[in-house]
Asks: 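Questions regarding the structure given below will be posed in turn.
Worth saying up front: this structure is predicted, and the values here are computed from it rather than measured.
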Amino acid sequence: MNCRTMKSYLSSHRILAGVILVLAGVLLAGVIAWSICVRFISLPRQCIEERNPSSCFYDASGELIHVARGYDYRWNFPLEFSDIPEDMIRYVIAVEDRNFYSHEGFDFFATLRAAKQLVANGRIVSGASTITMQTMTMFTGRRRTLWYKIRQTILACNWERSHTKAETLELYFNNLPYGGKIYGLETAAQFYFGRHARELNHAEMILLAGIPQSPARFRPDRHPVQAVQRRDVVLHLLVKNGAITSEEADAIRREPLRYRDFSVPCWPHLIDTQYLDLALKDTPRRREYRLALDSNLQKSTHVALKNGIRNLEHVKDGAAVVIENATGRVRALIGTMDFMQADDGKVNAAIAWRSPGSTLKPFIYGEAIYGGLIVKDSILDDEMLLLNDYRPDNFDGSFRGRVSATEALADSLNTPAVRVLKMLGVNRVLDLLRQMDLLKKDGTVVDERIGLSLAIGGTESRLLNLACAYSRLANGCGRALFFEDDANGEEGGTEQLWSPGTREMVLDMMRFRVIPGGGGIDVAWKTGTSNGNRDAWCFAVSPTWTVGVWYGNKSGEAAEELVGGMAAAPVAAAIISLLHKKHPPAWLASGEITKAELCKKSGLRPSEYCSQTMSGSAVVGIPLRRCDECSAEKNLVPPKQSSAILRPMPGEYLANVRDENGECALSIQVDIKPRKAHLYVDGSYIGMHESGEKLTLKRGHHVITIWPNEDWTTAQIALDVREPL
């Protein structure tokens, strides 16, 4: 070999070596880049988390009554991997990804095969996407670009680094498209065959295995022939790939396809969506909900409302609430008569703010009883009342003179209620109504005239809130609970209203008259009619149930028929009578009502100047106000000693302790004159207080009152407890 030849030989080898080195470097760089991409490019977790499934709602008896769509308005009922039929998994893997259990997200040999077939046939004969790659496509969309295919492969490989094959199959089968908004194997099984995936036969499973390739073309409810043809193609592939034998394929072809009746909706939509809106407020999204709703009672309540409105010519709407007292669970709620009504059918009247008419009166009388101002036998004035420019009148325009508190409440007389409210003080009653969530959060009383009109509906409240408040009279928890598994009702989530004896006396007063339309049923009840006949209300209470009914026009239009006793009371009576069809109301005594000697003239505790007395009722533990009418008539008002609260002084105080609930509170010594006296805080009787004892007050405004006995005057201070800065 001459010198020139040798140089040429060496030069060519250097070039070849250089090419090999470059190719090796490129390959190494590619491997490194691929490894980095596979490690760090992953499917964002939120892509999966945002795919919330359909929610199933069951009533109190466990019956499925509503199915709500999930992500992107899809129907989707996910399965656990263990619930996916093994044969279904085997069929799909045999057709879609024979090497599923051996590859790590990307099937190199399937890719080579697909490329070879493309070159040989000039068209795509088979794809190379693995089940894992198809799963990634479900969350990233499908695009026909090289970069997209590379990214899809990287995502699949990354996924399989941190997930098991079972997790991949579970995600895959739960997100397969089956036409329209039907996603997931379980959803398709229920939609097309009316059965769960575990109940499918082999023919049905194989038909579903073929649909996702082209869901619009192969969905059996619209294209049954094409669906069966596609099933046969899948059977052919299964035989070809050795997953089943020809004999098994023939047997599967003979199996029936048990389609459901497609003319009937697959999933129920029986629930009033307004009930759902209230139930789901501030509730995390779940797959299953067990509602407190009694479906049969819901239907019966709606029927009762419809029957009642037939006689109300100029009334377009009504609403009703039924609460189980012991638990606070809302067993029925109708927010509108016709949800599809064009103007305001979707307005939920059960939570609309409306004038409550006289429905607040039981709480005014109850607060007066709890404060020792009256009992049910106390005598009140039903006479003309003029306060500045405010002149309340009775519904019928007449006055009855002297009546008992029971008659005044039972007959919904206005002037006695206003007089009781005036005795209590507007602020005290406002505090009570706020405590029971019967006022708007920003509601304020701007002057005394509007304040005293509280007794006859001079504010706004809501049907659901009022029903909860009436339920508290019957020892209810005072909260509206919409879920069967919510145990807060049994746990007594709300502080009890007044004392048991006070509640019993108020209910006795409300039972004085028989509710119209109830067939003589013994329930406590109260009606309300707003000013100008715009709202008609009735609340009926038994020891176990509370029913609230409202009729009116959501536009605020008045109607002559909108009178509580005529429009709402018979419907409330019909509903509560239905609830007690088998078991009449069983009223039990609290043991806190006792016989008492009362002044015959005033119905209060008699003084030495009361010449005539009568037997009446009083609440144990609550000292009743002494009669001063008889002494006033004789101008024999005895001189009284002046009581006083020596400490604390009125003003603002910073909280210095925590109460039993961990909230800021003030512990303060109360010095009084004389040494012992009856103590009231915010109108509630606390008991006998000895000077120097401490009192604990929660954060907020408080009024402290002492009353030693009839020989002493009362003393009162106001103070505010603030949270420390």
Asks: Less than 4.5 Å apart, side chain to side chain, heavy atoms only: is that true for T529 and D535?
Replies: no
Asks: For A524, give me all partners under side chain to side chain contact (heavy atoms under 4.5 Å, CB included), at least two apart in sequence or on another chain.
Replies: L507, M510, R511, V541, W587
Asks: Does the separation of the ring centres of Y470 and F363 fall below 6.0 angstrom?
Replies: yes
Asks: Below 4.5 Å, heavy atoms only, C-beta onward: do T459 and K440 meet side chain to side chain?
Replies: no
Asks: Measuring only between side-chain heavy atoms, which start at C-beta, is R354 closer than 4.5 Å to E460?
Replies: no
Asks: Do L464 and L278 come within less than 4.5 Å of each other through their side chains, counting heavy atoms only?
Replies: yes
Asks: Return the set of residues passing side chain to side chain contact (heavy atoms under 4.5 Å, CB included) with A304 (not counting sequence neighbours), or none when no residue passes.
Replies: V571, I575
Asks: Find out whether the Lys NZ or Arg CZ of R260 is both under 6.0 angstrom from the six-membered ring centre of Y192 and within 45° of the ring's axis.
Replies: no
Asks: Who passes side chain to side chain donor-acceptor pair (under 3.5 Å) against E592, sequence neighbours left out?
Replies: none
Asks: When you look at M505 and V619, which way does the side-chain contact (heavy atoms from CB on, under 4.5 Å) test go after all the steps?
Replies: CA-CA 8 Å; M505 183 169 284; V619 181; 3.9 Å; yes
Asks: Working note: R534 + N553, criterion side chain to side chain donor-acceptor pair (under 3.5 Å); need CA distance, chi angles, decisive distance, verdict.
Replies: CA-CA 7 Å; R534 290 177 170 81; N553 296 308; over 6 Å; no
Asks: Less than 4.5 Å apart, any side-chain heavy atom of L466 and any of L360?
Replies: yes
Asks: Which residues pass the side chain to side chain contact (heavy atoms under 4.5 Å, CB included) test with S412, sequence neighbours left out?
Replies: S358, K361, K526
Asks: Can you sort out the partners of D682 under side chain to side chain donor-acceptor pair (under 3.5 Å), two or more places apart, ordered by chain and number?
Replies: H702
Asks: Less than 3.5 Å apart, which donor and acceptor atoms pair up between the side chains of residues 173-181 and the rest of the protein, not counting sequence neighbours?
Replies:
unit_1: N174; atom_1: OD1; unit_2: L79; atom_2: N; d: 2.8
unit_1: N174; atom_1: ND2; unit_2: L79; atom_2: O; d: 2.9
unit_1: N174; atom_1: ND2; unit_2: E170; atom_2: O; d: 3.1
unit_1: N175; atom_1: ND2; unit_2: L171; atom_2: O; d: 2.8
unit_1: K181; atom_1: NZ; unit_2: D72; atom_2: O; d: 3.2
unit_1: K181; atom_1: NZ; unit_2: D72; atom_2: OD2; d: 3.0

Asks: Do any pairs count as a side chain to side chain donor-acceptor pair (under 3.5 Å) and have a residue in residues 53-62, sequence neighbours left out, and if so which ones?
Replies: S55-R285, D59-S61, D59-S295
Asks: Check the angle between the aromatic planes of F262 and Y259 and answer parallel, tilted or perpendicular using the 30° and 60° thresholds.
Replies: tilted
Asks: Do any N or O atoms from the side chain of S355 and from the backbone of S530 form a donor-acceptor pair under 3.5 angstrom?
Replies: no
Asks: Could you check if a side-chain atom of V506 sits within less than 4.5 angstrom of a side-chain atom of I369, using non-hydrogen atoms only?
Replies: yes
Asks: Holding to side chain to side chain donor-acceptor pair (under 3.5 Å), I want the full list of residues that pass it with E504, two or more places apart in sequence or in another chain.
Replies: S590
Asks: Quick check: closest heavy atoms across V549 and L463, and the distance to 0.1 Å?
Replies: N-CD1, 3.9 Å
Asks: Please identify each residue that fulfils ring-ring contact (aromatic ring centres under 6.0 Å, His included) with Y551, with sequence neighbours left out.
Replies: none
Asks: Any side-chain heavy atom of W75 sitting closer than 4.5 Å to one from Q190?
Replies: no
Asks: What residues, two or more places apart in sequence or in another chain, satisfy side chain to side chain donor-acceptor pair (under 3.5 Å) together with S499?
Replies: T502
Asks: Around E49, counting heavy atoms of other residues, nucleotides and ligands shown, do more than 12 lie under 6.0 Å from its CD?
Replies: yes
Asks: A368: what forms a side chain to side chain contact (heavy atoms under 4.5 Å, CB included) with it, not counting sequence neighbours?
Replies: L373, I374, V420, L424
Asks: Tell me, please, which residues at least two apart from F57 pass ring-ring contact (aromatic ring centres under 6.0 Å, His included).
Replies: H66, Y289
